[in-house]
Structure formats: C-alpha cells, structure tokens
Asker: 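A single structure is presented below for examination.
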Amino acid sequence: MSDRPAILLFDGTCGFCARNVQFVLRHDRKNQSLQFASLQSDIGTALIARHADLRAVDSVIWLEPATDSEPERVAVRSAAVLLVLQYLGGPWAFLATIGALVPRALRDALYDVVARHRQRLAGSGPSCLVPTPEQRARFLDSAITPPRIPERQNL
C-alpha cells in the first residue's frame, strides 16, 4: 500500500453501500486514513475518467495513489472488498486472506448477486451517512454533507 491514503469510491445513492461505508468507519480503529468519495461526485467522476476501463463500472472501487516506484493501483468488485478487509486488519484481514483463496470469477459472481439485490438488502429506504466531524474530514466530496436547514424566519 502507498504511504498516501487510499480512496474508496462507492455508490452514493445506495443505502446498502452507505451502510458498508458506515461499517468501515466503525471498524477502522487502526489506520483511519482511508478516504471516501461517491461515484457520482466530482472527484469520483474525475478519478474514473483517468481510467478508461472504469467508465462502465458500477461497483465499489479501491484506488491507491501512485508512488515514486509504483503506479496507481485500482481494484473493483470483490478485489476492492478484499482490500478494504485487509485495510481494516485483525479478523477482517484474516477473512480477506481466506476470500483471496476463492477464484476471482467466483468471488465476482457472488459480488454481482449481492449487487443486484442491494436495494432489498438495504432494508427500508436509503441509509444516510452522518459522520462525526473527524470522519467527515475523510470524505472527499459533499455527498454526505448534511442538508442546510434554513433558519427560522420571524413572521
């Protein structure tokens, strides 16, 4: 992994995806360096534009910035999920090690089944991200910024 923080791109309109980001935030006790952006955000579309093969991807994307000796690293679908689990460490890294033993085609097929049913898996309605101020700094877009509530006007 690069010294610079990795970025996890996720579907900002998907409640299941939002819950998964919340899961990462809740279990990220060690590194706390992973940054987040929605696929639909300006930064998400700019990062995807740098990689022509990602333009048709509707999946979670793990992106590690390039270093002096390594090119930018990009992973999608199940490979991205495994990198997130490795990043979290502990039992999650062990689960990633076990998952890596499964052939990628089979892992991606399972990922696709979950992705097809993600709206149903999300339960009732979308799940809004309400990060703490410390967590908010890790988001590179404003997709999770709470809506501004207009001030009450005196009539």
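Keep in mind that what you see is a predicted model, and the values were worked out from it rather than measured.
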Asker: Which residues pass the ring pair (Phe, Tyr, Trp, His ring centres under 6.0 Å) test with His27, not counting sequence neighbours?
Answerer: Phe23, Trp92

Asker: Could you check whether any side-chain heavy atom of Leu82 comes within less than 4.5 Å of a side-chain heavy atom of Arg107, counting everything from C-beta outward?
Answerer: yes

Asker: Nearest 0.5 Å please: distance from the OG1 atom of Thr45 over to the CG atom of Leu54.
Answerer: 12.5 Å

Asker: Which pair of non-hydrogen atoms, one from Ile7 and one from Leu47, has the smallest distance, and what is that distance?
Answerer: CD1-CD1, 4.0 Å

Asker: Are any non-hydrogen side-chain atoms of Phe36 and Val24 less than 4.5 angstrom apart?
Answerer: yes

Asker: Decide whether Leu83 and Leu25 are clustered together by the hydrophobic rule: side chain heavy atoms of Ile, Leu, Val, Met, Phe, Trp, Tyr closer than 4.5 Å, transitively.
Answerer: yes

Asker: Output the distance between atom CZ (Arg77) and atom CG (Asp112), rounded to the nearest 0.5 Å.
Answerer: 4.0 Å

Asker: Check for me, please, whether Ile43 and Val76 land in the same ILVMFWY cluster - side-chain distances under 4.5 Å, paths through other members count.
Answerer: yes

Asker: If we ignore hydrogens and angles and just use 3.5 Å, is the side chain of Ser41 paired with the main-chain N or O of Ala37 as donor and acceptor?
Answerer: no

Asker: Are Trp62 and Leu95 joined in one hydrophobic group, where the rule is that I, L, V, M, F, W and Y side chains link up if heavy atoms are under 4.5 Å apart?
Answerer: yes

Asker: Indicate the atoms forming the closest heavy-atom contact of Val60 with Tyr111, along with that distance.
Answerer: N-OH, 3.1 Å

Asker: At their closest point, which heavy atom of Leu85 faces which heavy atom of Ala96, and how far apart are they?
Answerer: CB-CB, 3.7 Å

Asker: Roughly how far, to the nearest 0.5 Å, is the SG atom of Cys14 from the CG atom of Asn20?
Answerer: 8.0 Å

Asker: Kindly give the heavy-atom pair with the smallest separation between Glu64 and Ala6, and that separation in Å.
Answerer: CG-CB, 3.9 Å

Asker: Taking the side chain as every heavy atom from C-beta outward, state whether Leu63 and His51 have any pair of such atoms under 4.5 Å apart.
Answerer: yes

Asker: May I ask you to decide if Gly12's main-chain N or O and Ser38's side chain share a donor-acceptor pair within less than 3.5 Å?
Answerer: no

Asker: Is atom CG of Asp42 surrounded by more than 12 heavy atoms (other residues, nucleotides or ligands) closer than 6.0 Å?
Answerer: no

Asker: Between Arg55 and Ala49 (side chain of the first, backbone of the second, donor and acceptor by atom type, cut-off under 3.5 Å), is there such a pair?
Answerer: yes

Asker: If you group Ile, Leu, Val, Met, Phe, Trp and Tyr by side-chain heavy-atom gaps below 4.5 Å, do Leu110 and Val81 land in one group?
Answerer: no

Asker: So do the side chains of Asp28 and Tyr87 get within less than 4.5 Å of each other, counting heavy atoms only?
Answerer: yes

Asker: Between the side chain of Asp11 and the main-chain N/O of Cys17, is any donor-acceptor distance below 3.5 Å?
Answerer: no

Asker: Any side-chain heavy atom of Glu72 sitting closer than 4.5 Å to one from Arg50?
Answerer: yes

